[in-house]
Every structure is written in structure tokens, then in C-alpha cells.
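In what follows, a single structure is set out as C-alpha cells and then discussed.
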Amino acid sequence: MSIIDELIDKAMRRHIFKNREILRPDYIPDTLPHRENEIKRLAEILLPAIRGERPSNIFIYGLTGTGKTAVTKYVLRKLYEKARIKGLDNFTYAYINCRHTDTPYRVFAELASKVNVRVPFTGIATSEVFKRFLRGLDKMNKVMIIVLDEIDFLVRKHGDDVLYKLTRANEMLENSKVSLIGITNDINFVETLDPRIRSSLGEEELVFPPYDSLQLEDILRQRAKEAFNPDAIDSGVIELCAALAAREHGDARRALDLLRIAGEIAEREGASKVTVEHVYRARDELEKNRVEELLKTLPLHAKLVLLSITVQTMKNKYTTTGETYTYYTELAKNIGIEKLTQRRISDLINELDMLGIVNAKVISRGRYGKTKIITLSINPKLVLSVLSEDPRLAELVNHIRSR
DNA sequence: CTTCCACAGGAACCAGCGGACC
DNA sequence: GGTCCGCTGGTTCCTGTGGAAG
């Protein structure tokens, strides 16, 4: 093979992706497989908007990655386009993600901007922004469908006042109407709402069931066709991504992430196609990121407890509450902070257990008492490297490492 | 059969803090 | 601009307990 051939070959091999954007979770494809029923129901409920009538408020719930956001955006966009083509201009809509727009002020400000009302970033009362939004909307003479995605974030942080105001907005409007769509993946959230809001918001309810493994395969195949070059995917790759994601309550987002990351890994190392091996590595990478994020955000004492467990389990198979506590005490003294009581440490160990970072099981050692045996469920090296990034612990961790 | 270890984990209470409410 | 209130993360004090050892 000539040098030129090799070069061309190499260049070709880098060509795994045709368009990786298509695998991003916020990309909305032209068709949404296995959500036909949901699309139909949602469209039926929203249809009156085209004629300028107010659709029922809707509450949508389902676990992460079940297509709630995609379906909602898809239906609204289609309806809007269709209405435009027919020369109807009776409704408008606003999509707000409450995780990003997480204060009542910003929610109202964003709504106001949708109805061409400009409000300052700050300086006026929240209720004033709301009033201006209503005035602006009323002038437009339209039905406005407001989508509040991840609505539980907003309510948890700032209460249900926003919802209360919005559900009652119609009483204050003369020419326009509003209709709400609330989306959440927290099933229990509904219970925490004021009954009046609940009944008003839940005029219609839509539940999105998780995808099963076969459905995930369809979704992945459809996207992969556009995202990857032909023959860039080995057999079994799609099936594996689907199976792994199905294990996590059928999360389509996770399935897409797996496929995307696997593709990126393959491309990075110049492979000619994505293999199952790449998928497993993608899973590990995703898992690693998750754990790193988790460890980073742990409070200081929890980090110290984790550090003691890590050090001890590197020496022995497992450790116990008592051992952990004595070692933790030393560590605390070492970096010059006040130690917590054993009672509290016991709880911290339980919390680490809940997070899946350690494994703690109560056992009785007869004569030698009752205790928890604690093992580490993640890679100890990873723990050390993440903890050493904490300036308060860096020195300590390095000292431990050097032994 | 009893004892007794080494904790588990419940209950009550407390300090500090951010937000609601005059 | 004080004060009241509920929440979080902590403490103190406590009773409970499975099973090896004696």
C-alpha cells in the first residue's frame, strides 16, 4: 500500500460521524418513534388553540428520557407551522425550562419578552412584571400556551406562587387566554401542590411510560442513520446501548449519550467503526463523570469519612464504623478542624451508602459487638484523585498517597 | 442460658440561616 | 429593618440487639 493510500485510509477512518448534533439530547428529529399515542393525545388537547380557543391545562409526567420535552416541543412546533400555512394566527407559545429560568421574576420576564414587552433585568417588582406581561398579551388577542418544563425545580425553590398566578391569569385577561403545560419527572411532586393548583393544572394528564429495550433500538437506529456515516457502526452496538439504557428505566437520553460518547471514543482513537468495546468504555466514562461530580460536591466531613474508608479498604477488605471513626478523627485533627460525633458519622456513612459510593451492611460479630461492615464500591484511585482537587484536602491526600 | 460487646438508630433538642411577613 | 418561622445539619442522650463466648 502506498503512502498516499495509507493517508487517505487514515483520513477516511476518522469519518465516523456525519452529524453528531443529531445525537444530542435536545435535538428533535422529524419523527419520534413509539410516541405516536402521546403525540396524538397532546395534539388533540391543544387543537382548539388553532381556532383561538383555550385548550385545557395539561400536566405531563414521566421519568427522565421518556420524551416529554421532545414530544411537547414537536407538537407545538407542528401545530404552529400548520396554523401559519393555513393563514391562522390565533396562538403563540412559550417554552420555559425552569431549571435554567429558576426565579419567578425571570419566568415572567421571559414570558413578557414573548409578547414583545421589554422589562429591565432588575429594579421592578415581580408582580409588576407579571402585570406588564398580561397587558402585553391582552393586546395581542391570542391564546398563549405556556410550557413550564421541569416545573418541580421552580416550585421547590420559590413555591407555587407562579403557578397560582398563571392559573388565574385568564380572569384578568379580556382578549387573550393562557393555557399551561407543566412537565415534571418527579411523580411525587404533584402531591405537594396546593389542591386548587393541582386541579387547575391537571385538567388533562399525560403519563409517559419508559421505553423498553426494543423501542430504544428503534430510536437509536433512526438517529444513527443520520448521525453516522454508513458502516460506521459495528453490529451489536445499537442493541447494547439500548440494553444498557433499558436497565436504567428506559432512559432514551442515556441511550443516546452512550452512542454519542462511544462514537467520540472511536473517532478519537481513529477506529474505522464503533464497536461494542467502545460502548462499554463510553458507559465507564459516563459513570466516571457521574461519580466525579458526586464526589466533588460532597461536604467536607463526608469527604473525610470517605477518605478514611478508602484508605482502610485499601489495606483490608472492609472496615467498620469504629475503625472509620477513629481514623476520621485523626484526619480531622490533621487538617485542624473540629470533629463530628460518632452518631453523625454513622449517618454520613449511611448517606454515602445511599449514594452508592460505599456499601454498608449491619452485621453482628457476636461477642465482638454489632457494627456495619463497610466496603468501597468505586475505584479508590478515583476517590483519591478527586479528593486531592479539594484545596483543603490536597496536602493530606498527597501525604497518604506517598506512603 | 446468660452475658456483654460495639455499635445501630430513634427522640429530643439546638444553632444558624434564608425567606416571608409585617 | 425587625421578627418570626421552618429547614438543615448538628449534638446529646438514650434504648435496642444478634450472636460468639463463657
Side-chain angles (χ1 to χ4, degrees), chain A residues 98-109 121-131 151-168 186 188-197 293-313 315-377 387 390 392-393:
Chain A
C98 302
R99 196 203 289 249
H100 302 131
T101 309
D102 61 351
T103 67
Y105 187 94
R106 275 192 239 153
V107 170
F108 292 142
F121 292 110
T122 176
I124 53 176
T126 307
S127 55
E128 177 59 26
V129 182
F130 182 58
K131 265 188 224 153
I151 195 172
D152 43 315
F153 272 82
L154 184 64
V155 174
R156 238 195 296 277
K157 264 173 108 173
H158 300 277
D160 49 16
D161 196 44
V162 180
L163 290 182
Y164 186 69
K165 281 205 169 86
L166 285 174
T167 51
R168 292 195 26 192
D186 181 357
N188 300 323
F189 166 73
V190 195
E191 314 288 314
T192 67
L193 282 177
D194 184 310
R196 278 176 301 175
I197 297 173
E293 213 42 53
L294 209 59
L295 295 191
K296 261 188 235 164
T297 54
L298 244 33
L300 182 57
H301 287 283
K303 282 181 176 175
L304 282 176
V305 172
L306 179 59
L307 187 55
S308 339
I309 294 171
T310 308
V311 172
Q312 311 230 12
T313 50
K315 275 187 283 195
N316 306 307
K317 276 204 302 289
Y318 64 88
T319 180
T320 63
T321 309
E323 279 174 40
T324 304
Y325 186 64
T326 21
Y327 198 81
Y328 153 83
T329 311
E330 272 181 44
L331 295 181
K333 205 199 303 174
N334 205 301
I335 62 169
I337 60 164
E338 203 92 0
K339 67 176 180 191
L340 302 179
T341 55
Q342 177 158 330
R343 180 71 188 81
R344 181 88 256 271
I345 298 308
S346 176
D347 278 344
L348 286 181
I349 293 170
N350 285 340
E351 281 167 33
L352 291 175
D353 184 31
M354 297 273 255
L355 292 170
I357 299 172
V358 304
N359 193 308
K361 196 167 69 186
V362 276
I363 55 138
S364 175
R365 294 182 301 178
R367 193 65 246 259
Y368 305 104
K370 201 175 152 196
T371 184
K372 280 203 255 283
I373 58 166
I374 308 160
T375 54
L376 197 64
S377 357
L387 292 189
D390 188 324
R392 296 165 297 185
L393 299 176

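- One atom, CZ of A:Arg344, and another, C1' of B:dC14, lie 14 Å apart when rounded to the nearest Å.
- Taking 4.0 angstrom as the limit, A:Lys372 places a side-chain polar atom (N or O) nearer than this to OP1 or OP2 of B:dG9.
- The separation between A:Ile349 atom CD1 and B:dA6 atom P is 16 Å, rounded to whole Å.
- One finds the CG atom of A:Asp353 at 5.5 Å from the CG atom of A:Asn359 (value rounded to the nearest 0.5 Å).
- Residue A:Asp347 is out of contact with every strand shown, counting any heavy-atom pair closer than 4.0 Å.
- Between C:dG10, B:dC7, C:dG18, one nucleotide has an atom nearer to the side chain of A:Thr320 than all others, and that is B:dC7.
- Using a 4.0 Å cut-off, some side-chain N or O of A:Thr321 falls inside it from OP1 or OP2 of B:dA8.
- Residue A:Ser346 places at least one side-chain N or O under 4.0 Å from the OP1 or OP2 atom of B:dA8.
- Donor-acceptor pairing under 3.5 Å, judged by distance alone, is present between the side chain of A:Arg343 and the base of B:dG10.
- In this structure, CG in A:Leu348 is found 11.0 Å from OH in A:Tyr325, a value given to the nearest 0.5 Å.
- Heavy atoms of A:Ile363 sit nowhere under 4.0 angstrom from any nucleic acid atom.
- With rounding to whole Å, A:His301 atom NE2 is found 13 Å from C:dT11 atom C1'.
- DNA chain C is contacted by both A:Lys339 and A:Arg367; A:Lys339 maps to the nucleotide lying nearer its 5′ end (nearest heavy atom per residue).
- Between A:Lys315 and A:Glu323 no salt bridge is recorded (no basic side-chain N to carboxylate O distance below 4.0 Å).
- The nearest heavy atom of DNA chain C to A:Leu348 and to A:Gly366 marks one nucleotide each, and the one closer to the 5' end goes with A:Leu348.
- Between A:Ile337 atom CD1 and C:dG10 atom P there is a gap of 11 Å when expressed in whole angstrom units.
- Nucleotide B:dG9 holds its P atom 10 Å from the CG atom of A:Asp353, rounded to whole Å.
- Proximity note for A:Leu340 (side chain, C-beta onward) versus B:dA6, C:dG10, C:dG19: the nearest is C:dG10.
- Of the listed nucleotides (B:dA6, C:dT11, C:dG18), B:dA6 has the atom at the smallest distance from the side chain of A:Thr371.
- Separating the CG atom of A:Leu352 from the P atom of C:dG9 is a distance of 14 Å, rounded to the nearest angstrom.
- For the pairing with A:Thr324, the side chain to side chain contact (heavy atoms under 4.5 Å, CB included) check across A:Val311, A:Val358, A:Thr371, A:Ile309 returns one residue only, A:Ile309.
- A straight line from OH of A:Tyr325 to P of B:dG9 spans 17 Å, rounded to a whole angstrom.
- To the nearest 0.5 Å, the span separating OG1 on A:Thr320 from OH on A:Tyr318 amounts to 8.0 Å.
- The phosphate of C:dT11 (OP1 or OP2) has a side-chain N or O of A:Thr341 nearer than 4.0 angstrom.
- Nucleotide C:dG19 holds its P atom 14 Å from the CZ atom of A:Arg365, rounded to whole Å.
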